[in-house]
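Structure, as structure tokens:
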Amino acid sequence: LEGIIAKKSSSTYAPDLRSKDWLKIKVNQRQEVIIAGFTKNEDTVKQFSSLLLAVYENGQLQYVGKVGTGFSDKLQKEMMAQFKPLITDKSPFETIPDVNKPSRFRPNPPKAKATWLKPELVCEVSFSEVTSDGVFRHPSFDGMRTDKKAKDVVRETAVDTEAIIEEKDQPEDKHAKALKPPKEKERKTLLNPKDETQVRKICGHDLKFTSLSKIYWPEDKVTKRDMFNYYYRVAEYILPYLKDRPMSLNRFPGGIHGPSFYQKNVKDKAPDWAKTFPYTTSNGEDKLYLLGTDEASLLWMASLGCIEMNPWFSRAQSPDNPDYCVIDLDPDKNTFDQVVEAAQEVRKVLDAIGVPSFPKTSGSTGIHIYIPLDSKYSYDQSQMFARIIVKLVHQQIPGYTSLERMVSKRKGKMYLDFLQNRPGATIAGPYSLRPKPGATVSMPLTWDEVKPGLTMKDFTIFNATDRLKETGDLFKGVLGKGIDLVKTIKKAQSIFDVDGE
DNA sequence: GACGTCT
DNA sequence: AGACGTCAACGCAAT
DNA sequence: ATTGCG
Ligand SMILES: [Mn+2]
Ligand SMILES: [Mn+2]
């Protein structure tokens with residue numbers, strides 16, 4: 001048994017971070033809204049990039065934000081047919097909303113052109129909360145509503161009720177406060193800034209955190225304590241990508257410049273509550289992988305000095321069937337703008353054959369692109385598909401990319417790594433920290449963000465949680481509906497010159 | 001980083 | 001109690 | 001059998 005010792009913390013600081021307050025499952029709100037227009041980004045092939053949403057407030061049309069996710073290409077086509085007759089060059093709003101509103105975390109939003117619609121169509125969206133300027137956070141499209149008149153669409157939550165009361169500077173009304181939905185609290189920090197050793201109860205298990213002021217990232221003055229606090233705060237985002245996955249532990253007990261080593265076997269090491277996955281090595285030894293499960297397993301890994309989180313592509317329930325295929329761009333003597341170019345080339349190829357793709361910075365030097373497979377295929381099939389894609393990409397940009405396995409044969413060109421799609425192989429998962437100067441994070445992106453000027457240090461331990469509050473989990477689709485490989489490969493063969501070999 | 005053994 | 005030593009991947013393919 | 005590779 002590993003040394004996680006049950007001991008009451010003597011610290012007076014530690015508040016009860018485990019009050020059920022934050023344990024509540026985040027329930028999205030839903031409401032009907034009017035479609036008042038749509039935007040189309042400069043580069044996209046889609047019908048539209050987002051819908052501009054509105055509700056009536058005091059008889060006036062009020063902008064409540066936009067939604068850019070939740071519709072398939074097919075649905076978009078049908079919707080566009082409904083939009084066409086309603087297009088108008090006059091904004092239905094009294095004051096024209098800023099649909100390209102930049103923010104601290106998306107300083108260069110893609111240029112989106114707005115098209116206005118007569119406010120007649122109604123749809124339903126879900127969202128996590130309403131921001132202080134009255135727009136939806138993390139909106140997602142749930143479908144059209146044909147049974148509802150646009151004129152009847154008003155705000156459904158009590159949030160605005162309170163906002164209006166405050167605006168008019170009325171005395172606070174207890175009743176209004178009671179109606180207010182529970183505010184999505186920003187998660188508190190796990191560990192206090194003082195004690196070198198602290199014990200916390202996580203998922204019912206006492207975890208001990210030691211050497212908390214040890215500097216893990218000296219260039220950035222980031223400590224082990226900072227690392228724990230980070231994983232604690234991103235837990236809800238990262239855990240879906242670790243859950244039930246065997247983990248390769250890559251340990252850096254002395255920080256990012258100290259010696260490091262891999263650990264796969266946690267037999268007789270993991271605490272008794274940890275879930276494990278048995279495997280047998282090629283020379284017949286029985287070992288146990290740690291499975292990602294919950295916050296306790298996440299923080300226990302971190303406490304071993306695992307700066308990175310390296311999950312399998314498949315889960316224990318179906319270990320031979322990956323949930324996604326990965327195209328891993330590994331630059332050598334390339335600029336990051338070239339990595340961006342290559343990533344967009346991957347996207348173009350995938351777009352052409354109707355395959356959704358999800359990009360993220362690796363946090364180290366490259367970019368990872370995930371393709372959802374929904375564990376319908378084998379690793380071999382996934383790798384075959386990845387090989388087809390990178391071959392096509394390489395044909396487009398042979399000047400600075402390479403498919404050579406041997407580094408010396410790559411001649412400084414970027415490796416289009418498809419071989420990582422094999423059992424037992426891993427890469428740093430989404431939201432993982434990396435043991436690199438800058439305390440970088442492997443950050444999921446929208447494709448609009450994958451453009452020249454992007455840098456690895458845009459996303460770090462310092463800004464990741466703030467960004468997540470704004471963007472939500474951009475990788476949701478990765479664990480969603482998988483592609484149809486058979487159809488897709490056929491389509492690729494019809495469009496491109498795919499050589500089978 | 002954790003554990004066993006030695007002084 | 002503290003110092004010290006030891007351990008902590010793996011599969012595949014090219015050479 | 002050893003090395004290179006992620
Ligand atoms: Mn890589
Ligand atoms: Mn790679």
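Lettering follows sequence order; numbering is per chain, from 1. In what follows, every heavy atom counts, from backbone to side chain, and hydrogens, waters and symmetry copies are set aside.
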Round to a whole Å and report the spacing from [atom1] of [X] to [atom2] of [N].
X         : N       : atom1 : atom2 : result
Asn250(A) : dC10(C) : CG    : C1'   : 13 Å
Leu249(A) : dA2(B)  : CG    : P     : 13 Å
Asp268(A) : dG1(B)  : CG    : C1'   : 16 Å
Phe418(A) : dC5(D)  : CZ    : C1'   : 13 Å
Met247(A) : dA9(C)  : CE    : C1'   : 14 Å
Lys208(A) : dA2(B)  : NZ    : P     : 8 Å
Phe252(A) : dA2(B)  : CZ    : P     : 17 Å
Met301(A) : dG1(B)  : CE    : P     : 16 Å

Exercise for review: Check the side chains of Arg233(A) and Thr189(A) for a donor-acceptor pair under 3.5 angstrom, ignoring hydrogens and angles.
Suggested key: no

Can you name the closest pair of heavy atoms from [X] and [Y] and give their distance?
X         : Y         : result
Phe462(A) : Asp220(A) : CZ-O, 3.9 Å
Ile307(A) : Tyr231(A) : O-OH, 2.5 Å
Tyr324(A) : Trp312(A) : OH-O, 3.5 Å

Give each protein N/O atom lying under 3.5 Å from an N/O atom of nucleotides 6-8 of chain C, with the pair distance.
none

Review point. What does Val266(A) touch in the nucleic acid at a heavy-atom separation under 4.0 angstrom: a base, only the sugar-phosphate, or nothing?
Key: nothing

Review point. Lys267(A) near the nucleic acid: base, sugar-phosphate alone, or nothing, with a heavy-atom cut-off under 4.0 Å?
Key: nothing

Practice item. Run the numbers on Glu404(A) and Arg410(A) for salt bridge (charged side-chain N to carboxylate O under 4.0 Å, His left out), then give the verdict. Key: CA-CA 6 Å; Glu404(A) 291 291 346; Arg410(A) 292 181 200 160; over 6 Å; no

Practice item. Please work out which of the three classes, parallel, tilted or perpendicular, describes the rings of Phe71(A) and Phe141(A), given edges at 30° and 60°. Key: tilted

Can you check nucleotides 11-15 of chain C for protein contacts, nitrogen or oxygen pairs under 3.5 Å, and list what you find?
{"unit_1": "dG11(C)", "atom_1": "OP1", "unit_2": "Ser282(A)", "atom_2": "N", "d": "3.3"}
{"unit_1": "dG11(C)", "atom_1": "OP2", "unit_2": "Ser282(A)", "atom_2": "OG", "d": "3.0"}
{"unit_1": "dC12(C)", "atom_1": "O2", "unit_2": "Arg405(A)", "atom_2": "NH2", "d": "3.1"}

Point to revise | Residue of the set Thr223(A), Val222(A), Thr440(A) for which side-chain contact (heavy atoms from CB on, under 4.5 Å) holds with Trp217(A) | key: Val222(A)

Check your understanding: Do we get Arg187(A) above Tyr232(A)'s six-membered ring, with its NZ or CZ under 6.0 Å from the centre and within 45° of the axis?
Key -> yes

**Study point:** Near-ring test Tyr216(A)/Phe252(A), centroid separation under 6.0 angstrom
**Key:** no

